[in-house]
Amino acid sequence: MQTLYSMHQNHSDNLEKEERFLFQSIENVQDLYLILVSTLVEMKNKEEAFIEISRNKHLATKEEKNPNLRFVNNKVLNVLSESNSLSIAVENRKINNWKVNDEYIQILLDEVKESELYKSYMNKNENSFADDLSFIVAVYADIIAPNIKLYEYLEDQKLTWIDDIPLVNTLILKQLKSIKDEEHIFVVPKLYNDVDDKDFVSQLFRKTILNNDTLAKEFADKTPNWESERIAEIDSIILKMAICEFLKFPSIPVKVTINEYLELAKEYSTPKSSIFINGILDNLIKEFTAADKLKKVGRGLM
């Protein structure tokens with residue numbers, strides 16, 4: 001949707017170039033994921049280095065010689081630190097943001113250590129995996145994810161990440177919550193489920209562009225009170241993509257298509273766009289069904 005919108009705004013007709021940009025943007029989402037999840041590992045590493053320096057000071061205090069190691073020994077942080085999947089992905093994607101800009105890790109670490117969440121956690125007598133997990137989930141949700149300085153840093157790195165940050169944060173939190181005490185495994189998710197998944201991205205992009213005029217005609221007479229120029233451009237793109245899925249992708253259920261595009265409208269368009277789009281799509285489905293134009297395959301696809 002965003003790539004199609006960009007093409008419209010820039011009056012671009014270079015399909016190959018724009019498709020490369022689309023796939024590069026998707027690749028960048030994985031980089032964002034790795035950068036964000038690695039903040040937890042780097043915070044642990046930085047605190048361990050600080051503890052070691054403090055211990056070796058010439059006039060180290062009793063507290064510095066015998067520090068509270070609860071944070072650096074957190075079992076969930078250890079799972080992340082020892083994850084081969086994570087370390088290999090970071091190396092393969094050449095993620096070195098926190099080596100070059102480690103001041104942001106210090107900012108996050110300071111904010112964590114100043115929080116009541118941290119103080120309460122460090123003063124607990126018990127030391128269960130459940131406590132460690134609950135603490136890390138809260139740290140990520142309440143301190144890392146909403147951090148303004150981190151957000152501004154990511155925005156400066158890649159503008160396309162702004163819309164991806166909530167998605168990635170949601171995924172990371174879901175993954176953290178799913179770590180089991182008995183398994184101690186953390187695996188970086190694949191960018192695509194399979195070859196068909198990646199092919200769908202290309203096919204939806206290309207079929208929407210190549211059938212642009214035909215798709216637009218499908219809803220042109222469904223908006224009698226609106227001239228085509230008055231329909232929000234993003235709404236027009238959403239309608240074309242949805243209609244493309246209706247007519248060109250037999251394995252995608254109609255209800256799935258409607259739900260997905262209404263969510264896009266709520267997130268990216270005007271307040272009333274989802275109602276407007278839902279009305280048009282509902283009428284089109286009735287028309288397509290009556291004309292036998294919906295060629296869906298499989299059970300429950302209507």
Side-chain angles (χ1 to χ4, degrees), residues 1-12 14 17-43 86 89-90 93-108 111-112 137 139-176 188-192 197-198 201-202 204-205 208-209 232-238 240-242 259-274 277:
M1 183 198 72
Q2 291 171 321
T3 306
L4 290 170
Y5 181 76
S6 175
M7 286 185 73
H8 280 241
Q9 290 289 300
N10 298 323
H11 306 290
S12 171
N14 191 329
K17 175 186 173 184
E18 299 298 343
E19 187 176 57
R20 285 196 299 273
F21 172 78
L22 169 61
F23 279 110
Q24 185 57 56
S25 297
I26 295 172
E27 291 282 337
N28 290 340
V29 174
Q30 185 159 50
D31 289 348
L32 174 62
Y33 165 87
L34 293 170
I35 289 169
L36 284 170
V37 79
S38 65
T39 57
L40 291 165
V41 177
E42 294 302 328
M43 286 165 60
L86 180 56
V90 167
R93 296 295 300 174
K94 296 179 172 59
I95 304 298
N96 67 344
N97 297 65
W98 305 137
K99 306 297 181 189
V100 179
N101 301 288
D102 70 329
E103 66 270 21
Y104 289 95
I105 297 301
Q106 189 63 59
I107 289 170
L108 292 172
E111 192 168 332
V112 168
V137 168
V139 163
Y140 195 89
D142 300 339
I143 297 175
I144 296 176
N147 188 276
I148 297 299
K149 290 188 181 296
L150 178 60
Y151 181 92
E152 291 173 347
Y153 167 77
L154 295 171
E155 183 180 24
D156 288 342
Q157 294 299 298
K158 279 189 174 63
L159 193 58
T160 56
W161 278 346
I162 300 308
D163 290 319
D164 300 324
I165 291 173
L167 170 71
V168 172
N169 281 333
T170 300
L171 172 60
I172 291 173
L173 282 168
K174 183 178 179 181
Q175 275 195 288
L176 289 173
V188 173
K190 294 185 293 184
L191 196 56
Y192 301 99
D197 199 18
K198 186 173 183 178
V201 176
S202 176
L204 178 59
F205 176 68
T208 303
I209 292 173
E233 189 168 10
I234 205 72
D235 289 356
S236 178
I237 291 169
I238 288 173
K240 290 171 188 174
M241 291 177 73
N259 289 339
E260 290 292 340
Y261 288 102
L262 290 183
E263 287 302 313
L264 282 176
K266 290 174 185 175
E267 183 73 22
Y268 294 100
S269 198
T270 63
K272 294 183 179 180
S273 287
S274 61
I277 289 171

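Quick caveat: nothing in here was measured; it's all calculated off a predicted structure. Just the heavy atoms: all of them, side chains too, but no hydrogens, waters or symmetry mates, feed the values below.
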>> Working note: Y153 + N97, criterion side chain to side chain donor-acceptor pair (under 3.5 Å); need CA distance, chi angles, decisive distance, verdict.
In response: CA-CA 10 Å; Y153 167 77; N97 297 65; 2.9 Å; yes
> When rounded to the nearest 0.5 angstrom, what distance separates CG in L4 from OG1 in T208?
Replying inline: 6.0 Å
> Where is the tightest heavy-atom contact between S273 and D235, given as atom of each residue plus distance?
Replying inline: OG-OD2, 2.8 Å
> Do you know the tightest heavy-atom contact between F205 and T3?
Replying inline: CE1-CG2, 3.6 Å
> Minimum heavy-atom separation for V188 to L86, with atom names?
Replying inline: CG2-CA, 3.6 Å
> Do R93 and Y33 pass the side chain to side chain contact (heavy atoms under 4.5 Å, CB included) test, and can you show the C-alpha distance, the side-chain angles, and the key distance before you say yes or no?
Replying inline: CA-CA 11 Å; R93 296 295 300 174; Y33 165 87; over 6 Å; no
>> Counting C-beta onward and ignoring hydrogens, is there a side-chain heavy-atom pair between V41 and V90 closer than 4.5 Å?
In response: no
> What is the minimum heavy-atom distance between A141 and P146, and which atoms define it?
Replying inline: O-CD, 3.4 Å
>> Checking D164 against T160: is there a side-chain donor and acceptor pair closer than 3.5 Å?
In response: no
> Under 3.5 Å, side chain of N96 to main-chain N/O of K99, donor-acceptor pair present?
Replying inline: no
> Below 4.5 Å, heavy atoms only, C-beta onward: do N101 and E103 meet side chain to side chain?
Replying inline: yes
>> Determine whether a donor-acceptor pair (N or O, by modelled atom type, separation under 3.5 Å) exists between the side chain of W161 and the backbone of N28.
In response: yes
>> Test side chain to side chain contact (heavy atoms under 4.5 Å, CB included) on V37 and Y140; report intermediate values, then the result.
In response: CA-CA 9 Å; V37 79; Y140 195 89; 6.0 Å; no
>> Determine whether a donor-acceptor pair (N or O, by modelled atom type, separation under 3.5 Å) exists between the side chain of T170 and the backbone of P166.
In response: yes
> Of the non-hydrogen atoms in I277 and L262, which two are nearest, and what is the gap between them?
Replying inline: CG2-CD2, 4.1 Å
> Could you state the interatomic distance from OG (S12) to CD (E18), rounded to the nearest 0.5 Å?
Replying inline: 3.5 Å
>> For M43 and I144: C-alpha separation, side-chain torsions, deciding distance, then whether side chain to side chain contact (heavy atoms under 4.5 Å, CB included) applies.
In response: CA-CA 11 Å; M43 286 165 60; I144 296 176; 3.9 Å; yes
>> For residues 259-271, which residue pairs pass the salt bridge (Lys or Arg N to Asp or Glu O under 4.0 Å) check, not counting sequence neighbours?
In response: E263-K266
> Which one of D31, L171, I172 satisfies the side-chain contact (heavy atoms from CB on, under 4.5 Å) criterion with L36?
Replying inline: I172
>> Side chains of E19 and S202: any donor to acceptor distance under 3.5 Å?
In response: yes
>> Would you say that H8 contacts S236 through its side chain, given a criterion of any heavy-atom pair below 4.5 Å between the two side chains?
In response: no
>> Assess the residue pair Y268 and D163 against the criterion (side chain to side chain contact (heavy atoms under 4.5 Å, CB included)); give the C-alpha distance rounded to whole Å, side-chain angles, the decisive distance to 0.1 Å, and a yes or no.
In response: CA-CA 10 Å; Y268 294 100; D163 290 319; 3.6 Å; yes
>> Measuring from atom CG of L22 to atom CG of L204, what distance do you get when rounded to the nearest 0.5 angstrom?
In response: 9.5 Å
> If every non-hydrogen atom of K149 is compared with every non-hydrogen atom of Y104, which pair is closest and at what distance?
Replying inline: O-CE2, 3.7 Å
